[in-house]
Amino acid sequence: MLIILSDAHPNDDQPMPSKEGLHLPKDYGGEAGVQDVAEEVSRLRRKGIWVISVFTGNDRDLPAAHKIYGRELARIRSVSWFADTVGRLIQERIREM
């Protein structure tokens, strides 16, 4: 189980290495960052890891959040809701098993 607190706006001050093995790094952010995180989340899920995001971002970032996490996404308006939200999600997941 991996629970990620995210604004679905991945970025880093370090560039992304090129996947082609070239030494032409890309800025890590925007669509490239979203695609990279979505691929990593998908890879974890294929390994059987339950990945869910507790989303703290804005309405404009919802499409990126859905691209990365799909339906495994819970939105909170305040970090103070994190514990209650995560507790509820874990209980729901246990009931599904």
- Would Val54 and Ile90 show up in the same hydrophobic cluster when neighbours are defined by side-chain heavy atoms closer than 4.5 Å?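 Looking at the clustering, Ile90 is in the same group as Val54.
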- Message: Are Val34 and Leu62 linked, directly or through intermediate hydrophobic residues, by side-chain heavy-atom contacts shorter than 4.5 Å (ILVMFWY only)?
- Response: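 Yes: a chain of side-chain contacts under 4.5 Å links Leu62 to Val34.
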- Message: Just to verify, what does Ala38 make a side chain to side chain contact (heavy atoms under 4.5 Å, CB included) with, not counting sequence neighbours?
- Response: Ile68
- Message: So, using side chain to side chain contact (heavy atoms under 4.5 Å, CB included) as the criterion, who are the partners of Asn58 when residues are at least two apart?
- Response: Arg60, Asp61
Taking the side chain as C-beta and beyond, is there a heavy-atom pair between [X] and [Y] under 4.5 Å?
X     : Y     : value
Trp50 : Leu2  : no
Ile3  : Leu89 : no
Met1  : Ile49 : no

- Message: Between Arg45 and Val51 (side chain of the first, backbone of the second, donor and acceptor by atom type, cut-off under 3.5 Å), is there such a pair?
- Response: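 Side chain of Arg45 to backbone of Val51: a pair is present.
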- Message: Using modelled atom types and a 3.5 Å cut-off, is there a donor and acceptor pairing between side-chain atoms of Ser6 and backbone atoms of Ser53?
- Response: no
Table please: side-chain donor-acceptor pairs of residues 77-87 below 3.5 Å, with sequence neighbours left out.
{"unit_1": "Ser78", "atom_1": "OG", "unit_2": "Ser80", "atom_2": "N", "d": "3.2"}
{"unit_1": "Ser78", "atom_1": "OG", "unit_2": "Ser80", "atom_2": "OG", "d": "2.8"}
{"unit_1": "Thr85", "atom_1": "OG1", "unit_2": "Trp81", "atom_2": "O", "d": "2.9"}

- Mind running side-chain contact (heavy atoms from CB on, under 4.5 Å) on Leu5 and Thr56 for me, showing each step along the way? CA-CA 7 Å; Leu5 179 64; Thr56 60; 3.3 Å; yes
- Query: Got a second to check how far Ile4's CD1 is from Glu72's CD, nearest 0.5 Å?
  - Reply: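 Between atom CD1 of Ile4 and atom CD of Glu72 there are 11.5 Å.
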- Task: Hey, could you give me the CG/CZ distance between Asp7 and Phe55, rounded to the nearest 0.5 Å?
- Result: 7.5 Å
- Message: Restricting to salt bridge (charged side-chain N to carboxylate O under 4.0 Å, His left out), what partner residues turn up for Arg88, sequence neighbours left out?
- Response: Glu92
- Item | Partners passing side chain to side chain donor-acceptor pair (under 3.5 Å) against Arg75 (at least two apart in sequence or in another chain) |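 Partners of Arg75 by the side chain to side chain donor-acceptor pair (under 3.5 Å) criterion, ordered by chain and then number, come out as Asp59.
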- Among all residues two or more places apart in sequence or in another chain, which pass the side chain to side chain donor-acceptor pair (under 3.5 Å) test with Glu31?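 Lys67.
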- For Tyr69 and Val41, run side-chain contact (heavy atoms from CB on, under 4.5 Å): C-alpha distance rounded to whole Å, both residues' side-chain angles, the deciding distance at 0.1 Å, then the answer. CA-CA 7 Å; Tyr69 302 105; Val41 167; 3.8 Å; yes
